[in-house]
Amino acid sequence: MELNDFIELDSMARMSGRDFPKRRELFDKIDSSFGKHLIGIAGPRGVGKTTVLKQLRCAWANSFYISADTLGPSDDIFQLIKDLKERFSLEHFLIDEIHYVKKFPGQLKKIFDFLE
């Protein structure tokens, strides 16, 4: 996919996040956390993980929502985040469906280690 496709999907996620004004306790825990770190949300289907990410996208100005199941086989999550960070000075990346990324633990470590 092209960068503009990801930007459009992020915009759609931000818009749909507004459809859910009720926030769960998890939202407040994540929203109030500070510092450089990774946060993982695990749970069964349908419990609201995606909704929380989209709500955070609405709440955080310098954030970007990525659904990893939209990545193509040649898309590189590290390069995508690097490009978005450089182009828009983003601070937070909300990656949904991360299990679709091959070797995602290593990719997340690379993002954490080499990108502010």
> Using the side-chain contact (heavy atoms from CB on, under 4.5 Å) rule, take Arg87 and Asp83 through it: C-alpha gap first, then chi angles, then the decisive distance, then the call.
CA-CA 6 Å; Arg87 184 169 175 184; Asp83 291 346; 6.0 Å; no
> So how far is it from Glu86 CD to Ile81 CD1, rounded to the nearest 0.5 Å?
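Separation between the atoms: 12.5 Å.
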> Cluster question for you: counting only ILVMFWY and a side-chain heavy-atom cut-off of under 4.5 Å, with indirect links fine, are Ile111 and Leu3 together?
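Ile111 and Leu3: one cluster.
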> Could you identify which residues cluster with Ile30, counting Ile, Leu, Val, Met, Phe, Trp and Tyr as linked when any side-chain heavy atoms lie under 4.5 Å apart, either directly or through a chain of such contacts?
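When side chains under 4.5 Å apart are linked, the cluster holding Ile30 also contains Leu26, Phe27, Ile39, Ile41, Val52, Leu53, Leu56, Trp60, Tyr65, Leu94.
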> How far apart are the closest heavy atoms of Val47 and Arg24, and which atoms are they?
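Closest pair (atom of Val47, atom of Arg24, distance): O-CZ, 3.4 Å.
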> If you count heavy atoms of other groups shown closer than 6.0 angstrom to CE of Met12, is the number above 12?
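Atom CE in Met12 is not crowded, with 12 or fewer foreign heavy atoms closer than 6.0 Å.
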> Any chance NZ of Lys85 has more than 12 other-residue heavy atoms, nucleotides or ligands included, within less than 6.0 Å?
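Yes, the 6.0 Å shell around NZ holds more than 12 heavy atoms from other groups.
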> Salt bridge between Asp10 and Arg57, side-chain N to carboxylate O under 4.0 Å?
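Here Asp10 pairs with Arg57 in a salt bridge, since their nearest N and O are under 4.0 Å apart.
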> Quick one: pull up CG in Asp75 and CZ in Phe6 and give me the separation to the nearest 0.5 Å.
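That separation rounds to 4.5 Å.
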> What pairs of residues pass the ring-ring contact (aromatic ring centres under 6.0 Å, His included) test when at least one of them lies in residues 95-116, not counting sequence neighbours?
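For residues 95-116: none.
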> Should Leu80 and Leu71 count as side-chain neighbours, where that means a heavy-atom distance under 4.5 Å?
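Contact flag for Leu80/Leu71 side chains = yes.
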> Kindly say whether Asp28 contributes a backbone atom to a donor-acceptor pair with the side chain of Ser32 at under 3.5 angstrom?
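Judged by distance alone, yes, a pair lies under 3.5 Å.
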> Atom CD of residue position Glu25 - does it have more than 12 heavy atoms of other residues, nucleotides or ligands inside 6.0 Å?
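Open: at most 12 neighbouring heavy atoms sit under 6.0 Å from CD of Glu25.
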> Only one of Leu108, Val101, Leu38 clears side-chain contact (heavy atoms from CB on, under 4.5 Å) with Ile95; which?
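Answer after filtering Leu108, Val101, Leu38: Leu108.
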> Taking all heavy atoms of Arg23 and all of Ala59, pick out the closest pair and write down the distance.
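Heavy-atom minimum between the residues: NH2-CB, 4.4 Å.
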> Taking all heavy atoms of Thr70 and all of Met1, pick out the closest pair and write down the distance.
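So the minimum-distance heavy-atom pair works out to O-SD, 3.6 Å.
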> Is it the case that the side chains of Thr50 and Asp96 hold a donor-acceptor pair, with the cut-off being a distance below 3.5 Å and no angle test?
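Yes, side-chain donor-acceptor contact under 3.5 Å.
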> Give a yes-or-no answer on whether the side chains of Asn4 and Glu8 include a donor-acceptor pair shorter than 3.5 Å.
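On atom types as modelled, these side chains do not qualify, holding no pair under 3.5 Å.
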> Start with the C-alpha distance between Phe93 and Leu115, add both sets of side-chain angles, then the distance that settles side-chain contact (heavy atoms from CB on, under 4.5 Å), and finish with yes or no.
CA-CA 11 Å; Phe93 292 90; Leu115 301 176; over 6 Å; no
> Quick one: pull up OG in Ser63 and NZ in Lys54 and give me the separation to the nearest 0.5 Å.
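Here the interatomic distance stands at 13.5 Å.
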> Look up atom NZ in Lys110 and atom NZ in Lys103, then write down how far apart they are to the nearest 0.5 Å.
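Reported to 0.5 Å precision, the distance equals 11.5 Å.
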> How many angstroms lie between atom CG of Leu84 and atom OG of Ser89, to the nearest 0.5 angstrom?
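Interatomic distance, Leu84 CG to Ser89 OG, rounded to 0.5 Å: 11.5 Å.
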> Just verifying a value: how many Å separate Ile66 CD1 and Ile77 CD1, rounded to the nearest 0.5 Å?
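Here the interatomic distance stands at 4.5 Å.
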> Taking all non-hydrogen atoms of both residues, which atom of Glu97 and which atom of Ser67 are closest, and how far apart?
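Minimum heavy-atom contact is CG-OG, 4.0 Å.
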